[in-house]
Amino acid sequence: MCGIIGYVGEENATPVLIEGLKRLEYRGYDSAGIALLHGGEISVTRSAGKLVNLEQLVERNPQNGSTGIGHTRWATHGRPSEQNAHPHRSGNLVLVHNGIIENFISLKHRLETEGYRFVSETDTEVIAHLLESYMKNGCSLQEAMRAAEVDLHGSYAVAALCVTEPDVIVTTRSGCPLVVGRNEQGSFLASDVTPLLVHTREVVFLEDGDIALLTPSQISVLGANGEELTRETVTIDWDAEAAEKGGYDNFMLKEIHEQPQVIVDTLRGRYNYETGEADLPDLAMTAEELIAARRIWIVACGTSWHSGLVGKYLFEEMIRKPVQVDIGSEFRYREPMIQKDDLFIAISQSGETADTLAAAREAKRRGARVLSIVNVVGSTMARESDGIIYTRCGPEISVASTKAFTGQIMALYLLALHVGRVRELLSAEEGRWWLDQYTALPGRVESVLKLEPEIKKIAEKYYSKSNFLYLGRGINYPIALEGALKLKEISYIHAEGYAAGEMKHGPIALVDENMPVVVVAPRDRLYEKTVNNLMEVRARSAPVIAFGFEGDEELQRVADVVIHIPAVHPLLTPILFAVGLQLLAYHVAVLRGLDVDRPRNLAKSVTVE
Ligand code: M6R
């Protein structure tokens with residue numbers, strides 16, 4: 001939810017922190033702050049609102065110091081305000097925190113009886129006072145952090161510094177991501193690698209319970225008893241430029257246009273054309289294990305859940321295995337009848353979504369093999385899974401997920417091919433046929449992207465409407481859901497996605513001339529049924545926006561406007577339609593004058609439930 005950054009070294013920390021926060025702003029953006037340690041004093045600068053407010057404050061009142069921490073917030077406890085912005089102070093120390101302290105009320109009462117006075121509405125402030133109270137009793141900052149961990153229930157990544165230990169930042173995590181790295185100018189910490197890439201490509205992802213001590217010349221990772229731990233250093237090959245907007249007006253548009261490359265990257269080196277097989281070395285499952293898996297479970301949230309639903313249609317058709325798709329927050333709290341030998345697939349762009357992570361842990365506890373389809377390398381999900389397929393999308397900065405969705409579906413295509421070949425449901429020749437289709441997709445997505453001017457015209461016609469209905473059938477039912485989600489999250493227009501066949505069972509009551517109906521209608525075996533649904537919509541005077549195949553003249557007769565995408569095998573249509581719907585949502589939001597990259601009330605990574 002929030003982003004934290006820290007630097008200790010030889011340079012002025014302010015620009016490092018501000019630049020770092022800019023790259024973390026997608027994690028939360030209702031307030032921000034930094035703290036610098038200099039000459040035995042800590043200066044704290046905080047501001048409500050977007051980071052630019054903090055930047056202006058810092059410009060007007062520059063602070064020096066080569067040890068500093070920073071934070072960009074997405075409120076959980078307490079309003080977005082300067083008072084609730086981090087860093088929070090207690091005595092000689094300050095800290096920043098990402099996550100939620102579940103027992104903060106009882107801790108607050110305990111600390112109040114010790115004489116601490118609370119000045120914010122946050123749960124974070126209890127951590128500051130807790131550390132201070134341990135330090136007052138003789139602990140070092142690191143010892144205080146270890147002691148506080150016993151008291152704290154919930155999820156957190158914390159970074160703290162104090163006057164009595166200059167040139168040191170102490171940081172720890174439990175359930176929230178934290179990464180550290182260093183170069184010749186000093187040591188860095190952050191919630192993810194994005195702000196570190198301009199400083200170093202060699203990073204260490206901390207594990208739950210690790211305490212890291214950062215000084216200008218080294219980073220030590222300590223275990224429960226203060227023993228030094230060796231943690232693997234990971235080389236990140238993301239281009240720092242990849243996190244920039246690269247000439248587009250915003251990250252969302254840039255990321256939509258990156259999708260042909262995402263397909264190329266996600267396929268790269270992962271198939272053998274000769275044998276018609278997919279090659280997924282990190283799957284960590286043998287052919288026997290894949291064959292033995294009785295049932296496939298797919299669990300995810302939001303857009304990733306929609307790609308999971310696409311996976312269901314794909315797997316049932318291509319590999320003839322029963323597939324159950326669940327939302328993370330539902331799976332974790334029911335009694336899923338998952339069995340040992342079932343294959344559990346968690347899908348997540350960030351790899352940090354609390355509900356998906358909890359579901360994956362539950363599945364593991366019940367004996368299932370956990371495979372994750374994840375974008376962020378070294379994320380908690382990736383580290384806790386038995387097998388991984390990374391989607392290789394690069395950082396997705398825009399809160400609305402676009403390219404990650406495409407990467408996830410490509411990973412599912414590879415997995416379907418792999419299992420299909422292993423189970424001998426597909427011959428080598430059929431495998432090659434699928435690979436030809438997969439590798440042709442980037443060019444087909446390029447063709448859809450070229451339709452942007454036409455799609456923009458549709459947006460211009462309908463952007464002032466208040467409600468939209470999205471319809472699709474079969475493997476494109478999840479695409480209707482995804483199209484509606486994209487529209488609602490960035491344009492704040494009410495939009496519903498429905499299985500077209502379900503329309504008569506309720507939503508048709510809403511349909512009138514003020515409700516544009518967006519329909520995804522490939523020429524597949526359900527085409528005629530979808531056209532019938534469109535007739536029903538037309539009979540109620542609703543404007544129909546259809547996405548169909550090139551050369552489909554019939555669709556023209558039942559729709560007000562048609563966008564023609566390249567004709568492909570029905571199972572390969574979801575990405576192409578999704579790209580068209582992303583562009584529609586994008587242009588509607590831009591025409592409404594909204595900040596598409598940072599929609600209100602949303603955060604990129606939902607690390608609390
Ligand atoms: O990082 P994850 O893929 O696990 O995130 C899941 C959802 O929070 C995410 O897809 C969300 O729905 C996006 N805002 C969709 O654009």
Side-chain angles (χ1 to χ4, degrees), residues 1 3 26-29 74 175-177 191-192 194 250-253 255-256 259 262 298-311 325-332 345-361 370 372-382 384-385 388-409 411-412 470 478-479 481-492 495 497 578-579 581-586 589 594-609:
M1 295 303 179
Y26 70 90
R27 297 179 65 90
Y29 38 81
W74 187 79
C176 286
S191 294
D192 66 41
T194 323
N250 44 55
F251 285 109
M252 183 176 178
L253 191 59
E255 288 160 8
I256 289 174
Q259 291 175 105
V262 163
I298 304 180
V299 175
C301 300
T303 288
S304 300
W305 175 63
H306 297 155
S307 73
L309 288 169
V310 169
V325 186
D326 264 291
I327 293 169
S329 54
E330 288 299 313
F331 181 94
R332 67 184 291 191
I345 303 174
I347 305 181
S348 174
Q349 186 285 131
S350 61
E352 304 292 349
T353 300
D355 286 324
T356 312
L357 265 174
R361 286 174 182 149
V370 173
S372 60
I373 294 177
V374 172
N375 189 41
V376 178
V377 176
S379 56
T380 308
M381 186 97 70
E384 292 189 6
S385 300
I388 309 169
I389 307 177
Y390 282 121
T391 47
R392 301 181 181 162
C393 301
E396 189 180 62
I397 305 293
S398 177
V399 167
S401 189
T402 53
K403 62 177 180 173
F405 181 68
T406 287
Q408 290 162 355
I409 293 177
L412 292 165
Y470 283 68
I479 299 307
L481 295 178
E482 176 59 9
L485 177 66
K486 284 290 89 79
L487 189 72
K488 70 182 100 168
E489 58 183 347
I490 60 168
S491 74
Y492 317 145
V579 171
L581 297 184
Q582 291 163 0
L583 286 169
L584 179 62
Y586 171 81
L594 298 168
D595 180 348
V596 290
D597 281 340
R598 288 173 296 190
R600 69 185 182 202
N601 304 338
L602 295 176
K604 183 66 187 163
S605 183
V606 185
T607 54
V608 292
E609 65 175 303

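Computed from heavy atoms alone, side chains included, the values below leave out hydrogens, waters and symmetry copies. Counting convention: from 1, in listed order, for ligands and their atoms alike.
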Worksheet entry | Full working for side-chain contact (heavy atoms from CB on, under 4.5 Å) between L584 and K486 | CA-CA 9 Å; L584 179 62; K486 284 290 89 79; over 6 Å; no
Item to complete: Mind running side-chain contact (heavy atoms from CB on, under 4.5 Å) on I373 and L412 for me, showing each step along the way?
Response: CA-CA 8 Å; I373 294 177; L412 292 165; 3.6 Å; yes
Item to complete: Test side chain to side chain donor-acceptor pair (under 3.5 Å) on T303 and S401 and set out the steps.
Response: CA-CA 7 Å; T303 288; S401 189; 4.9 Å; no
Worksheet item: Would L309 and L481 count as a side-chain contact (heavy atoms from CB on, under 4.5 Å) if you check the C-alpha gap in whole Å, the side-chain angles of each, and the deciding distance to 0.1 Å?
Response: CA-CA 10 Å; L309 288 169; L481 295 178; 3.7 Å; yes
Worksheet entry | Evaluation steps, side-chain contact (heavy atoms from CB on, under 4.5 Å), between R332 and R361 | CA-CA 9 Å; R332 67 184 291 191; R361 286 174 182 149; over 6 Å; no
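Proximity of M381 to ligand 1 is not established, as no heavy-atom distance is less than 4.0 Å. Residue A400 places a heavy atom less than 4.0 Å from ligand 1. Heavy-atom distances between T356 and ligand 1 stay at or above 4.0 Å for every pair.
In this structure, E396 contributes its side chain and A404 its backbone to a donor-acceptor pair below 3.5 Å. Distance alone, capped at 3.5 Å, places no donor-acceptor pair between the K403 side chain and the E255 backbone. Of the possible donor and acceptor atoms, none in the side chain of D597 sits under 3.5 Å from a partner among the backbone N and O of N250. The backbone N or O of I256 sits less than 3.5 Å from a side-chain atom of Q259, completing a donor-acceptor pair. Side-chain N or O atoms of Y492 include none that pairs as donor or acceptor with a backbone N or O of L594 at under 3.5 Å.
Not a single N or O atom of Q408, backbone or side chain, sits closer than 3.5 Å to an N or O atom of ligand 1.
Nearest protein neighbour of atom 14 (N) of ligand 1, counting heavy atoms only, is E489 OE1, 2.9 Å. Ranking protein heavy atoms by distance to atom 8 (O) of ligand 1, first place goes to V606 CG2, 4.1 Å. Scanning the protein for heavy atoms near atom 9 (C) of ligand 1, the closest one is T303 N, 4.1 Å. Counting protein heavy atoms only, atom 12 (O) of ligand 1 is closest to G302 CA, 3.3 Å. Nearest to atom 6 (C) of ligand 1 among the protein's heavy atoms is C301 O, 3.3 Å.
Residue-level proximity to ligand 1 for K604 is absent, since no heavy atom of it falls below 4.0 angstrom. By the criterion of a heavy-atom distance under 4.0 Å, neither the backbone nor the side chain of E352 is placed next to ligand 1.
For ligand 1 and S350, the ligand atoms under 4.0 Å from any heavy atom of the residue are 1 (O), 2 (P), 4 (O). Set against the non-hydrogen atoms of Q349, the atoms of ligand 1 under 4.0 Å away are 1 (O), 2 (P), 3 (O), 4 (O). Listed by number with element, the atoms of ligand 1 under 4.0 Å from a non-hydrogen atom of S304 are 2 (P), 3 (O), 10 (O). Annotation for ligand 1: atoms under 4.0 Å from non-hydrogen atoms of S348 are 1 (O), 2 (P), 3 (O), 4 (O). Each of the atoms 13 (C), 14 (N), 16 (O) of ligand 1 lies under 4.0 Å from some heavy atom of V399. In the vicinity of S401, heavy-atom distances shorter than 4.0 Å reach the ligand 1 atoms 15 (C), 16 (O). Those atoms of ligand 1 with a heavy atom of K486 less than 4.0 angstrom away are 15 (C), 16 (O).
With atom 5 (O) of ligand 1 as the reference point, the heavy atom nearest to it among T391, I490, L602, T353 is part of T353.
A distance of 9.0 Å separates CZ of F251 from CZ of R598, quoted to the nearest 0.5 Å.
Side-chain atoms of E352 and T380 form a donor-acceptor pair, as typed in the model, at a separation below 3.5 Å.
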